[in-house]
Participant: 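Sharing a structure with you now.
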Amino acid sequence: MTEFTYIFNLEEAVKSLHDFEKDKYLFLDTEVAVKSFKEIDFFSDKVRLIQLGNAEKIYIYDMFLIPEFAKYLKEILEKKGVVGHNLKFDIKFLKTNFDIFPQIVFDTMIASQLLSENSKEKHSLQAVTYRLTDNNIDKTQQSSAWGLRNLSEEQLEYAANDVKVLREIFPILKSRLNQINTPHKATGVVHETFGLDNAVAVVEMAFVPQLAMIELKGMPVDEKELSSMLTTVSADYQRRYIEFVRSSGVDPFSPHKVTAWLTGRLGLKLPKTQKGSLSSQDSALRKYMDIPQVRQLIEIRSEKKLLDKLKELHSHVKNGRIHSQFRQIGAPTGRMASSQPNLQNITKELRRLFKAPEGKKLIVADYSQIELRIAAEYVNDEVMIKAFSEGKDLHRFTASLILDKSYEKVSKEERQMAKAINFGLIYGISPRSLMEYARNNYGVDISLKDAQEFHKRFFDIYLSFKRWHESVNQKLSKKHSMTVYTLLGRKMTVHRFTEAVNFPIQGTGSDMLKMAVVFFGKLKKDIDASIVNLVHDEIIVEVAKEYADKAKEILSESMLRAGKILLKKVPVEFEVEIVNAWAEK
DNA sequence: TACGGTAGCTCG
DNA sequence: GTACGAGCTACCGTAC
């Protein structure tokens, strides 16, 4: 049994707050009356209960009965720290229902994810509680009818219990995070309020409310243009699909029938997939592009993809905006993942549909070659650091050294090839894969012999990269696993070579982006500017026209500050532009 | 009919 | 000796 007090009287509610006067932070949870648990609507669904607790007391406030209490809660929730599980959810509802926006938070879900050594581990409150305390909490009431006039004793007991377990898991998570030494000292209000010393955790916690606001704001989209494009593409696709089936007698989306037709009727030679069946993927067909039927097949497939993406986007538009969901730690590296819809893999062609509304502008900013810069800093490669310091284009620079020609004389194609080498080789790509990678991604044909030569020359030029790979290989062959860190101190135990070399680079990139977002949130103050999308090394801000220049300045300052904290030897560069649409840079 | 795995494409 | 990290759709085999 959990001790709690259920409060549905304003006077009693206000009085109860005296018990929290001395606390620096409180434990919080909310229960929401939703129309559909499958499709939670943060704008129209209503918060029923707000549970607040400290070390001694747990109060359950019935917000259906005392809505006026919100203004008192706003006072303390925006001033004190708040501990909760998956607080992005609660923050969004507190914001839409009561205009309450807690910013000093400790999220136990995020903490658990940061500590996790196993990517398959679950991080629900139930799972985390079970792992840390062996206490198996009952979640059957979670999706009960929170809109009922009279809540049952079970419901109230359940609501209080979530706060009780928060109280138990918080100190365990905090102390485990504090046991990890991070190269940068934790500072700021989150560090001070919770006694949280882990710099990565401090950044992640400060990021939670920022992400909540990004989701609520949504990405602006030109609904009219999206609809008309959908109509046009749909008609064109149907016409071409029918024509293709009529002339070839084959369904272009049945891999089995397509490969049989390509090899049998057209006499093509096709590579095998991993499981041994014939592959008809575009990269395998590219060399047969001069055969009209093959070209038509490729075009139909690509138009179908376009059509599907248009449909997906269209289905998510609400009042001219798309409110995608972000998982804050979508990958172990700290990168986010976006879904419903994924706004992180929108093609260049479709980016023009994302337009600032009337009277607004978009600011599109992205770090330049950030992973290479991070890699140079991380392995402390003098040659690469020098090249970056001199403001050289690294792809051109690599090409000039590998091909042994002057920097100025490197052709566009040679630069493209070096780009493939730079990105591939810092992660230990093999010569064979390099050859395929260069062809598939950069349209550059090189022989296996050339690939082997370039592979060797890359490591001869960038000696620290060679030493890095050797050292990782050595450690992994000695033991089954090794622990790797980002430049901020994000930690992971890895078992494979590729993970060991990728994690610090990609992870530092996400550290940097999250820090930049946190800085922007602090610096922008009252300017009417909101982040509307994040794509790994890119920040997109929507801002009122008159503040566009100011917001651009603040965004630049934020990105620079984040970059300079993590990169001491390599200069940070980024592009920032004020635009109407999220079109090509 | 529902679910899980794979292939193939998009992005950084 | 090995590029890495995601999401979404379609297909296909398996379980109910």
Side-chain angles (χ1 to χ4, degrees), chain A residues 119 251-259 271-285 298 301-313 315-316 324-351 366-372 374-375 419-438 440-441 452 455 458 465 469-470 472-473 476-477 484 492 494-510 512-513 533-539 582 585:
Chain A
S119 60
D251 177 358
F253 299 104
S254 167
H256 186 72
K257 285 174 186 155
V258 165
T259 50
K272 300 267 176 75
T273 64
Q274 266 195 345
K275 285 184 95 185
S277 46
L278 288 170
S279 168
S280 71
Q281 62 177 278
D282 284 5
S283 63
L285 297 181
I298 290 175
R301 282 171 168 177
S302 101
E303 193 169 31
K304 177 72 156 55
K305 269 175 290 170
L306 174 62
L307 180 60
D308 286 348
K309 193 71 191 182
L310 287 170
K311 282 185 188 165
E312 192 199 353
L313 289 177
S315 75
H316 285 103
S324 172
Q325 297 192 55
F326 289 90
R327 268 174 37 227
Q328 185 168 325
I329 301 180
T333 55
R335 271 196 179 183
M336 280 170 287
S338 152
S339 62
Q340 296 184 332
N342 182 351
L343 286 183
Q344 296 181 320
N345 69 348
I346 303 292
T347 56
K348 294 212 161 68
E349 182 184 14
L350 289 177
R351 292 188 180 193
D366 70 317
Y367 283 111
S368 311
Q369 299 175 336
I370 195 60
E371 294 206 337
L372 275 173
I374 291 167
K419 200 170 169 180
I421 296 172
N422 279 335
F423 282 117
L425 291 192
I426 57 170
Y427 302 127
I429 197 171
S430 69
R432 178 168 292 280
S433 305
L434 170 63
M435 186 178 67
E436 285 162 17
Y437 179 67
N440 293 338
N441 296 284
Q452 282 164 343
H455 188 273
F458 179 94
F465 281 88
H469 284 190
E470 282 168 357
V472 168
N473 266 327
L476 281 176
S477 59
V484 287
M492 188 167 84
V494 298
H495 302 92
R496 301 198 318 265
F497 171 83
T498 49
E499 283 179 312
V501 292
N502 183 251
F503 178 87
I505 310 305
Q506 198 180 103
T508 301
S510 62
M512 196 183 293
L513 190 85
N533 196 12
L534 298 170
V535 195
H536 310 311
D537 63 358
E538 181 176 8
I539 300 177
W582 183 30
K585 293 158 270 180

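Protein chains get the first letters and strands the later ones, always in sequence-line order, with residue 1 at the start of each.
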Participant: Sticking with atom C1', work out how far dG1(C) lies from dC9(B), rounded to a whole angstrom.
Facilitator: 27 Å

Participant: I need the CZ-P distance between Phe458(A) and dA3(C), as an integer number of Å.
Facilitator: 15 Å

Participant: Report, one pair per line, the protein and nucleotides 5-9 of chain C atoms (nitrogen or oxygen only) whose separation is under 3.5 Å.
Facilitator:
{"residue": "dG5(C)", "atom": "O4'", "partner": "Gln506(A)", "partner atom": "OE1", "Å": "3.0"}
{"residue": "dG5(C)", "atom": "O4'", "partner": "Gln506(A)", "partner atom": "NE2", "Å": "3.1"}
{"residue": "dG5(C)", "atom": "N3", "partner": "Arg335(A)", "partner atom": "NH1", "Å": "3.3"}
{"residue": "dG7(C)", "atom": "OP1", "partner": "Arg327(A)", "partner atom": "NH1", "Å": "2.5"}
{"residue": "dG7(C)", "atom": "O4'", "partner": "Asn342(A)", "partner atom": "ND2", "Å": "2.7"}
{"residue": "dC8(C)", "atom": "OP1", "partner": "Gln340(A)", "partner atom": "N", "Å": "2.8"}

Participant: Report yes if at least one side-chain N or O of Ser430(A) is closer than 4.0 Å to OP1 or OP2 of dG1(C); otherwise report no.
Facilitator: no

Participant: Return the value, rounded to whole Å, for the distance between atom CG of Leu313(A) and atom P of dC11(B).
Facilitator: 13 Å

Participant: Pairs counted as Watson-Crick or G-U wobble with both distances under 3.5 Å: what dot-bracket string results for DNA chain C, using | for bases tied to another strand?
Facilitator: ...||||||||||||.

Participant: Okay, side chain of Arg335(A), backbone of His536(A): is any donor-acceptor separation there less than 3.5 Å?
Facilitator: no

Participant: Hey, is the main chain of Ser339(A) close enough, under 3.5 Å, to the side chain of Ser324(A) for a donor-acceptor pair?
Facilitator: yes

Participant: Tell me whether the side-chain N/O atoms of Arg351(A) come closer than 4.0 Å to OP1 or OP2 in dG12(B).
Facilitator: yes

Participant: Return yes if some donor-acceptor pair links the side-chain N/O of Asn533(A) with the main-chain N/O of Leu343(A) below 3.5 Å, else return no.
Facilitator: yes

Participant: Backbone N or O of Ile429(A) within a donor-acceptor pair of the His455(A) side chain at under 3.5 Å?
Facilitator: yes

Participant: For Glu371(A) and dC11(B), what is the distance between atoms CD and P respectively, to the nearest whole Å?
Facilitator: 16 Å

Participant: Counting the atoms with a prime plus P, OP1 and OP2 as sugar-phosphate, which does Ile370(A) contact under 4.0 Å by heavy atoms, base, sugar-phosphate, or nothing?
Facilitator: nothing

